[in-house]
2 protein chains.
Amino acid sequence: MTGDHLSTIFSALSDPTRRAILARLASGETSVSELARPFSLRAPTITKHLKVLEHAGLVRRSRQAQRRPCRLEAAPLKEVTEWLEQYRQFWTRSMSRLDNYLAAMEPEGKKKHARKKRN
Amino acid sequence: MTGDHLSTIFSALSDPTRRAILARLASGETSVSELARPFSLRAPTITKHLKVLEHAGLVRRSRQAQRRPCRLEAAPLKEVTEWLEQYRQFWTRSMSRLDNYLAAMEPEGKKKHARKKRN
DNA sequence: CGGCTAATTAGCCATACGGTAAAATAAACC
DNA sequence: GGTTTATTTTACCGTATGGCTAATTAGCCG
């Protein structure tokens, strides 16, 4: 763990079980035991995964009776797409040598009096 | 390692050094030792990171003399954005309860101006 | 209270990861 | 051929991760 926020998010997303949990939560809140069922994993394992997701800000938990239902929190996913935007040009254009050159010219800049290439 | 492709990609992206390597490669090919310099990491460490990136399909390597320059390969990043698209509605809309309900109604569908949910 | 259900904590285990130093390869160059 | 430079391979180390079981806490209900 580097303390780096983006690393935490990517790391949380790097497990298929956790992505499946997110997919499940996309269709509504659920409890831990309901989440555990389809994965044939024990409850403590799911709890651990939820902690990872929660720590990454991808899940928020509430409380109702004994249950601690989880809700999807998508803000970190937005951060990820914003990070990815930086590289979009590398797959939308044809990856020519010229494209790479242009990419190098505009390293991080947002609009930066962009005469041509209005982004 | 789960064998899952997406997991491999996310895992590769979950390290800040590797993301920095990608950022560096976005401005052109480079050799291992040039990559190592700004990170104050030893060459073998960079080699390992490059292997991870290469295995995730994010980097391609060539050969010129003793150098093995690396080139950015962005296709996997496209896959990631496509996976993320599935969740875009969760941060673009206001996350109301109704939105969640609608999201549940339209699980995987593309545009399909919702006649009645023809699925 | 006592019991029941849901979830977490604690402890264990095997494996993976990020880093290192030292040795081995690869290719140029004198 | 021998030297130099670039990179990889080969151990090795400490820590993190994903899974488990068993024990513990939290909250309902009879």
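Predicted model, so just to flag it, every value in this text is computed and none were measured. A, B, ... follow the sequence lines: proteins, then strands. Residue 1 opens every chain.
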- B:His55 has an atom NE2; how far is it from atom P of C:dA16, in whole Å? 13 Å
- Item | Among D:dC20, D:dG27, C:dA26, the one nearest A:Thr45 by side-chain distance | D:dC20
- Message: Looking at D:dG18, I'd like to know if its phosphate oxygens (OP1 or OP2) sit under 4.0 Å from a side-chain N or O belonging to A:Arg18.
- Response: yes
- Query: How do B:Ala43 and A:Gln64 order along DNA chain D: which one's closest nucleotide is nearer the 5' end?
  - Reply: B:Ala43
- Message: For A:Arg19, I'd like to know if atom CZ has over 12 heavy atoms of other residues, nucleotides or ligands within 6.0 Å.
- Response: yes
- Query: Rounding to a whole Å, what distance do you find between B:Glu54:CD and D:dT8:P?
  - Reply: 9 Å
- Message: Counting only side-chain heavy atoms from C-beta out, which of C:dT20, C:dT9, D:dG19 sits nearest to B:Arg42?
- Response: C:dT20
- Winner on side-chain proximity to B:His49, out of C:dA22, C:dT9, C:dG19, is C:dG19
- Task: May I ask you to verify if any side-chain N or O of A:Lys48 is less than 4.0 angstrom from the OP1 or OP2 atom of C:dT9?
- Result: no
- From the candidates C:dT9, C:dA26, C:dT20, the one with an atom nearest any side-chain atom of B:Arg68 is C:dA26
- Message: What is the separation between atom CG on A:Leu41 and atom P on D:dT21, rounded to the nearest whole Å?
- Response: 11 Å
- Item | Proximal nucleotide (of D:dA6, C:dG18, C:dT9) relative to the B:Arg67 side chain | D:dA6
- Message: With a cut-off of less than 4.0 Å, is there a side-chain N or O of A:Thr47 near OP1 or OP2 of C:dT8?
- Response: yes
- Message: Measure CG/A:Leu35 against P/D:dG19 and give the value in whole Å, please.
- Response: 14 Å
- Query: Atom CG of B:Leu53 to atom C1' of C:dG18: distance rounded to whole Å?
  - Reply: 13 Å
- Expressed in angstrom and rounded to an integer, what is the separation of B:Ile21 atom CD1 from C:dG19 atom C1'? 13 Å
- Item | Short side-chain N/O contact from B:Arg61 to OP1 or OP2 of D:dT8, under 4.0 Å | yes
- Phosphate oxygens OP1/OP2 of D:dT7: is one of them under 4.0 Å from a side-chain N or O of B:Ser33? yes
- Message: Using a 3.5 Å distance criterion without hydrogens, assess whether the side chain of B:Arg61 forms a donor-acceptor pair with backbone atoms of B:Cys70.
- Response: no
- Under 3.5 Å, is there a donor-acceptor pair between the side chain of A:Ser14 and the main chain of A:Ser11? yes
- Can you tell me the distance, in whole Å, between the CD atom of A:Glu29 and the P atom of C:dA7? 12 Å
- Query: Quick one: A:Leu50 CG to C:dA7 P, roughly how many Å, whole number?
  - Reply: 10 Å
- Note on the structure: Between A:Tyr87 and B:Ala26, the two heavy atoms sitting closest are CE2-CB, 4.0 Å
- Nearest to the side chain of B:Val32 - C:dG19, D:dT8, C:dA10? D:dT8
- Note on the structure: Between B:Leu22 and B:Leu58, the two heavy atoms sitting closest are CD2-O, 4.1 Å
